[in-house]
There are 2 protein chains.
Amino acid sequence: MCSVNPGHCTLIKYIFLLLIIIHLGLNTAESVWPLPQIFIPSPERYQLKPQSFSFGYRRYLDTKHSCSVLDAAFKRYFSILFPGYSYANLITFSVATQLLFLNSYKLSVFAGQASLNAETVWGSLRGLETFSQLVYQDDLGSYYINKTEIEDYPQFNYRGILLDTSRHYLPVQAILKTLDAMAYSKFNVFHWHLVDDPSFPYQSHKFPDLSNKGAFHPVTHVYTQSDVRRVISYARMRGIRVLPEFDSPGHTKSWGKGQSELLTPCYRGATPSGTFGPVNPTLPSTYQFMLSLLKEVASVFPDPYIHLGGDEVDFSCWRSNPYIRAFMHKMGFGLDFSKLEAFYIEKIVNITSILRKTSIVWQDVFDYHERRKFLSVVEVWKQGCYLCEVRRVVKAGLRVILASPWYLDQPGPTHNWARYYNVWPLAFKGTEKQKSLVIGGEVCMWGEYVDATNLSPRLWPRASAAAERLWSNERQTSCVERAFPRLQEFRCKLLRRGIQAEPLYVGHCKHEYQSV
Amino acid sequence: MCSVNPGHCTLIKYIFLLLIIIHLGLNTAESVWPLPQIFIPSPERYQLKPQSFSFGYRRYLDTKHSCSVLDAAFKRYFSILFPGYSYANLITFSVATQLLFLNSYKLSVFAGQASLNAETVWGSLRGLETFSQLVYQDDLGSYYINKTEIEDYPQFNYRGILLDTSRHYLPVQAILKTLDAMAYSKFNVFHWHLVDDPSFPYQSHKFPDLSNKGAFHPVTHVYTQSDVRRVISYARMRGIRVLPEFDSPGHTKSWGKGQSELLTPCYRGATPSGTFGPVNPTLPSTYQFMLSLLKEVASVFPDPYIHLGGDEVDFSCWRSNPYIRAFMHKMGFGLDFSKLEAFYIEKIVNITSILRKTSIVWQDVFDYHERRKFLSVVEVWKQGCYLCEVRRVVKAGLRVILASPWYLDQPGPTHNWARYYNVWPLAFKGTEKQKSLVIGGEVCMWGEYVDATNLSPRLWPRASAAAERLWSNERQTSCVERAFPRLQEFRCKLLRRGIQAEPLYVGHCKHEYQSV
């Protein structure tokens with residue numbers, strides 16, 4: 001899970017940013033969320049003048065391509081640092097292309113300059129975020145930054161947020177806003193649970209009827225190809241990968257509306273009942289369709305991973321259907337429908353491999369199948385002893401993404417943020433090698449009760465608690481009481497940046513959220 | 001509780017609104033929330049043309065004053081009915097002034113006209129709201145209304161929402177937005193819990209230090225006199241009273257910062273500990289201050305009621321203070337500090353009477369004092385058998401506002417809206433006269449975990465469930481399953497009007513909320 005979609009400016013040996021610093025003075029303690037691995041603050045402070053502040057490059061390896069990602073980031077962070085000022089200093093510069101997803105960086109603020117040093121553009125983005133959090137204003141409105149030394153890298157490479165656009169349609173703006181906020185907490189994967197039972201908003205160019213008939217509305221409640229490109233590009237500019245999920249064979253009711261003979265007809269006795277169950281795994285046409293759809297998905301989404309779902313398959317409809325039962329008999333599956341499910345999933349995983357993508361599945365696929373060697377990455381989502389499950393998966397030599405403790409769609413008082421903070425993904429008995437298979441974690445924002453009206457306050461700042469767990473050193477961030485004031489301050493920063501992050505407890509921010 | 005601040009156009013014997021209706025056609029069933037008392041829909045429908053639509057008056061009693069309330073409502077509802085069209089048809093008209101708070105109206109849509117008939121301007125506002133909910137668009141964007149007969153009036157006269165601006169400061173815009181949404185659900189009282197322990201945002205002209213020192217910030221986190229006037233006027237235009245609460249003697253920590261010697265110094269042994277407890281009830285200066293403050297409040301807030309709080313008084317500080325103990329001894333209160341509290345509250349209630357205002361108190365005041373005759377209205381807020389408490393209060397001949405079942409600041413899944421719907425305020429053994437003392441109910445949105453970032457989705461549409469309980473006939477609205485689709489549709493209307501109301505369950509609205 002350490003790669004990213006190809007693009008320019010991914011290898012930059014040293015990126016330095018320079019800033020004009022005027023004045024030395026005293027300080028109040030400042031904080032960064034998530035906490036950097038090595039963070040040496042100092043009371044010595046320097047004043048920043050927006051008029052004379054600029055970002056710049058110091059050294060790079062190649063001059064063949066312009067680095068649009070960093071140029072855009074400079075503009076973005078200038079606006080975040082100095083609201084109301086405009087940044088004219090546009091420099092284009094060039095670097096060679098290479099696939100890397102290193103997020104490490106070094107940041108040094110000292111003697112009138114700040115230098116940011118990163119192996120990759122993605123690390124530079126993380127460093128810019130940290131830099132932006134170090135700058136603060138005094139009561140008179142002057143900007144300051146303290147002398148600081150930071151060396152930083154993430155604890156886990158996969159730090160994801162799942163949004164569900166099937167149970168409720170999320171306007172593209174709501175997704176982009178979430179990507180902004182994700183970057184502020186150093187999340188790096190947007191897991192897009194695009195389609196599910198209630199609606200199919202993805203507008204496929206090969207199968208337009210899927211959304212024409214399966215979306216809540218074929219025009220206003222769909223993601224066009226252009227919408228999807230926009231989301232992917234917006235995410236990439238912020239160092240965020242977009243992982244598409246096309247969950248099957250269950251959770252596919254909406255697929256059936258635009259693709260006849262895909263779903264299994266359920267039977268009442270000897271006659272079809274008129275309702276439909278999971279994808280029909282017995283027909284060759286099913287796999288032709290899935291190959292064709294996934295081929296499109298593989299080309300539209302540049303990420304090397306595809307999430308295939310595979311969770312919560314209800315066997316009752318398969319069981320009711322005489323043709324399915326006949327197929328089971330022919331294949332020698334007996335009455336064990338999980339074998340039929342495995343048969344289906346293996347074929348879909350193979351299709352994904354042919355398309356040169358790696359598949360991720362929900363833990364159900366791992367749990368209910370004996371043959372597990374065809375799997376790569378398993379996402380653990382069930383409640384209960386989720387670390388027991390993590391241990392089982394890594395013992396089987398597979399990689400794990402942990403989601404169970406971060407089901408944030410469940411409403412709850414904000415003060416239970418500590419519940420999402422006090423999670424220890426590696427607290428199981430296992431070898432170092434096994435633990436290294438835990439590649440990260442994911443906040444799940446399922447859509448039963450969530451849409452654009454409540455997405456932001458339900459996510460933020462609770463998801464930021466998970467973000468620190470996934471980025472920072474476990475030993476330095478084990479104390480909820482010490483984290484609390486930092487998270488409160490970070491939440492105020494989110495408000496200042498226009499993110500509708502709800503309060504943790506009684507109190508105030510200098511700049512409150514202004515509703516419209 | 002059936003009066004309102006004095007103003008123009010409160011008595012209008014007949015208000016008629018006329019609309020130009022063009023076309024007859026077929027229909028889909030339409031709904032109104034909260035459900036009118038008598039509602040006779042019909043499949044016959046009429047088309048509305050925004051270009052030729054107008055509101056107008058048919059008959060009125062007096063022509064001395066212009067009715068700004070209804071003129072403004074016509075403009076507002078025109079925009080709600082036909083977004084994107086502008087309304088040029090401004091008529092001023094005049095009516096006599098009288099104090100009434102009747103909310104009843106009759107609405108008839110028939111043969112190319114709609115007529116709205118109300119005793120008061122406030123009833124007209126309710127009727128306009130109902131009218132606006134009857135209009136709908138077909139898929140081509142044409143507007144329709146069905147032939148309809150409605151006779152309507154509220155079940156309870158007091159239908160309140162409490163906002164807490166002390167634990168978090170709510171920008172004025174967030175309050176105004178809430179008032180908009182309140183009018184859509186026919187709420188008629190904004191209970192403004194202005195001040196409390198954490199902050200004192202009310203900017204008093206007599207005691208400016210209260211907010212200078214007691215607000216979170218003396219400039220950005222206060223309500224100026226002009227802010228307060230704006231809120232009151234905005235509310236009045238929507239038929240909503242503003243009930244101010246100045247809770248004492250507990251919940252007053254923030255008061256002490258700007259008003260020395262008001263709070264009781266707590267003692268550790270024989271010396272003051274440096275901390276402060278409730279208002280000091282033993283000093284004459286306390287009552288001089290309270291008279292002066294409440295006199296200001298009485299003049300700033302035109303509502304004939306003032307909420308005096310009186311809840312959750314902690315006796316430990318009073319107990320620690322030797323001067324308080326000496327006073328207790330002198331007064332013959334023994335060790336019963338609730339007698340001291342009663343002594344204080346009686347004096348404050350008397351001050352309120354002198355100011356010609358009626359006082360409302362939290363149930364604690366009723367519960368802990370033997371002499372209850374000085375009380376008028378008691379607000380029941382504690383959980384448990386709240387109807388037992390309601391019964392005790394009405395048996396004592398006092399009026400009741402019920403808040404216990406509507407503590408909406410507690411986060412919870414939206415689908416528990418039914419919990420706020422299945423409330424039966426009169427389901428206790430009592431005489432008709434006793435039941436008539438239950439004047440209404442109130443949704444409480446305490447501020448520990450709520451500010452402008454999450455206020456709207458936490459309130460709406462759950463508060464609307466309470467609104468129907470307080471407005472509509474209990475027998476016609478006893479079935480949650482029948483209410484569900486109507487509430488879903490009403491929630492879509494709220495979105496269309498820019499209210500950030502969260503979803504009840506999986507699904508969609510024609511116009512989703514567009515985040516910014």
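Residue numbering restarts at 1 for every chain, and letters A, B, ... go by the order of the sequence lines.
Looking at heavy atoms from C-beta onward, A:N454 lies in side-chain contact with B:P503 at the 4.5 angstrom threshold.
Considering OH of A:Y169 and SG of B:C509, their distance stands at 14.0 Å, rounded to 0.5 Å. B:L494 contributes atom CG, which lies 10.5 Å from atom OG1 of A:T453 (distance to the nearest 0.5 angstrom).
Sparse packing is recorded around CZ of B:R230, with 12 or fewer heavy atoms of other residues, nucleotides or ligands lying under 6.0 Å away.
Of the two parts of A:L455, neither the backbone nor the side chain holds a non-hydrogen atom closer than 4.5 Å to a non-hydrogen atom of chain B. Only the side chain of A:E512 comes within contact range of chain B, with at least one heavy atom under 4.5 Å from a heavy atom of that chain. For chain A, no part of B:I499 is nearby; none of its heavy atoms comes within less than 4.5 Å. For chain B, the nearby part of A:H221 is the side chain; its heavy atoms alone come within less than 4.5 Å.
Residue with the most contacts toward chain A among B:S456, B:P198, B:A501, B:G447: B:A501 (heavy-atom pairs, distance under 4.5 Å).
B:Y505 and A:Y449 have tilted rings, their planes meeting at an angle from 30° to 60° on a 0 to 90° scale.
Contact between B:G507 and A:F216 at its shortest, heavy atoms only, is O-CE1, 3.6 Å.
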